[in-house]
Amino acid sequence: NMLLENNDAVKTLEDGYLYLKLDDDKFLMAEPATSFKLIATGDSENSKTRIELANGAVTIHITNPLSVGSTFEVGTGNSTMAVRGTSFRVSTDGEANEQAVVEVFEGEVSVQPIGADGNPSGDPMGVAAGESAVIGNGEAEETAEGVQLSALSVEVLEFLKEGIDNGNDVGATRD
């Protein structure tokens, strides 16, 4: 029941997981050795939430579409992922932020690569349920294998199962 505030930095231990409830319909699970900063402003009608992921991986489940004036983004050093209501996972390789991966379980995520100069690079790319993309060198590229549930940890799968149990679809293939 710890309350986080705007600009709080969060870090999980090497063997720890963190579960956050952001509002009543936004849930985040941070995996081991993950660090991020929470940027949150506005109110329930006009919320602006940004997770600045420095290292590790977060899985996010948003149960209701965002209101027209609201935004939810995950930023890494080389990309920004924007959503309206969905389930997805973002991982990054750490301080260099040379590569990020987004895996979408439900809905769609808009991926905007960021160039070395810190500015948007190229056009945003939509990544739909069951798809994944790798972002690096100012470009986003869809992966051929899509989402691989077998590669996810038991904890991530349980987090997704909880969403399914609450009536949400998880559009991923199992190989």
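Values below: every heavy atom of this structure, side chains too, minus hydrogens, waters and symmetry copies.
Two residues are said to be in side-chain contact when any heavy atoms from C-beta on lie closer than 4.5 Å; F88 and E103 fail this criterion. In this structure the side chain of P32 never reaches within 4.5 angstrom of the side chain of E14, judged on heavy atoms. By the 4.5 Å heavy-atom criterion applied to side chains, L53 and V90 are counted as neighbours. Between V156 and M29, some side-chain heavy-atom pair lies under the 4.5 Å cut-off. Within the 4.5 Å cutoff, the side chain of I135 has heavy atoms near those of the V102 side chain. With a 4.5 Å cut-off on side-chain heavy atoms, T59 and L28 do not count as touching. When side chains are defined from C-beta on, T63 counts as touching F27, because their heavy atoms get closer than 4.5 Å. Between V154 and E158 the shortest side-chain heavy-atom distance falls below 4.5 Å.
Across Y17 and S153, no two heavy atoms sit closer than the pair OH-OG, 3.5 Å. Taking every heavy atom of both residues into account, P124 and Q112 meet most closely at CG-OE1, 3.1 Å. Across all their heavy atoms, G126 and E131 have their closest contact at O-OE1, 4.3 Å. Listed here is the closest heavy atom pair of S47 and K26: OG-NZ, 4.3 Å. In this structure, A30 and F36 approach most closely via the heavy-atom pair CB-CE2, 3.9 Å.
The cluster map of Ile, Leu, Val, Met, Phe, Trp and Tyr, joined by side-chain heavy atoms under 4.5 Å apart, puts L18 and I60 in the same cluster. Under a hydrophobic-cluster definition in which Ile, Leu, Val, Met, Phe, Trp and Tyr are linked whenever side-chain heavy atoms come within less than 4.5 Å, directly or via other members, M81 and V101 are assigned to different clusters. Following chains of ILVMFWY side-chain contacts shorter than 4.5 Å, one cannot reach I39 starting from F72, and the two form parts of different hydrophobic clusters. Following chains of ILVMFWY side-chain contacts shorter than 4.5 Å, one can reach V10 starting from L22, so the two form part of one hydrophobic cluster. There is no path of hydrophobic side-chain contacts, each under 4.5 Å, that joins V127 to V134.
Although no hydrogens or angles enter the test, the distance criterion places a donor-acceptor pair under 3.5 Å between the side chain of T34 and the main chain of A57. N55 places a side-chain N or O within donor-acceptor distance of the main-chain N or O of A33, the cut-off being under 3.5 Å. Side chain of T92 to main chain of T76: no donor-acceptor pair is present (N/O by atom type, distance under 3.5 Å, no hydrogens or angles). Using modelled atom types, no side-chain atom of N78 and backbone atom of I114 make a donor-acceptor pair closer than 3.5 Å.
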Q.
Is there a side-chain contact (heavy atoms from CB on, under 4.5 Å) between R89 and L152? Walk through the geometry before answering.
A. CA-CA 10 Å; R89 179 177 182 267; L152 299 175; 3.8 Å; yes

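For N119, the CG atom counts as densely surrounded, since its 6.0 Å shell holds more than 12 non-hydrogen atoms of other residues, nucleotides or ligands. Other residues, nucleotides and ligands contribute over 12 non-hydrogen atoms within 6.0 Å of the CD atom of E155. Within a 6.0 Å radius of CD in E139, other residues, nucleotides and ligands contribute 12 heavy atoms or fewer. Counting heavy atoms of neighbouring residues, nucleotides and ligands inside a 6.0 Å radius, atom CG of D123 does not exceed 12 of them.
One finds the NZ atom of K48 at 9.5 Å from the CG atom of L66 (value rounded to the nearest 0.5 Å). Taking OG of S79 as the start and CD of E73 as the end, the distance is 11.0 Å to the nearest 0.5 Å. N46 CG to S70 OG: the interatomic distance, rounded to the nearest 0.5 Å, is 5.5 Å. Atom-to-atom distance recorded for S35:OG and E52:CD is 11.5 Å, nearest 0.5 angstrom. In this structure, CD on E98 lies 8.0 Å from CG on N137, to the nearest 0.5 angstrom. Interatomic distance, CG of N6 versus CG of D8, reported as 8.0 Å (0.5 Å rounding).
Under the 4.5 angstrom side-chain criterion for Ile, Leu, Val, Met, Phe, Trp and Tyr, V68 has no cluster partners at all.
The aromatic rings of Y19 and F159 sit tilted, their planes meeting at an angle between 30° and 60°.
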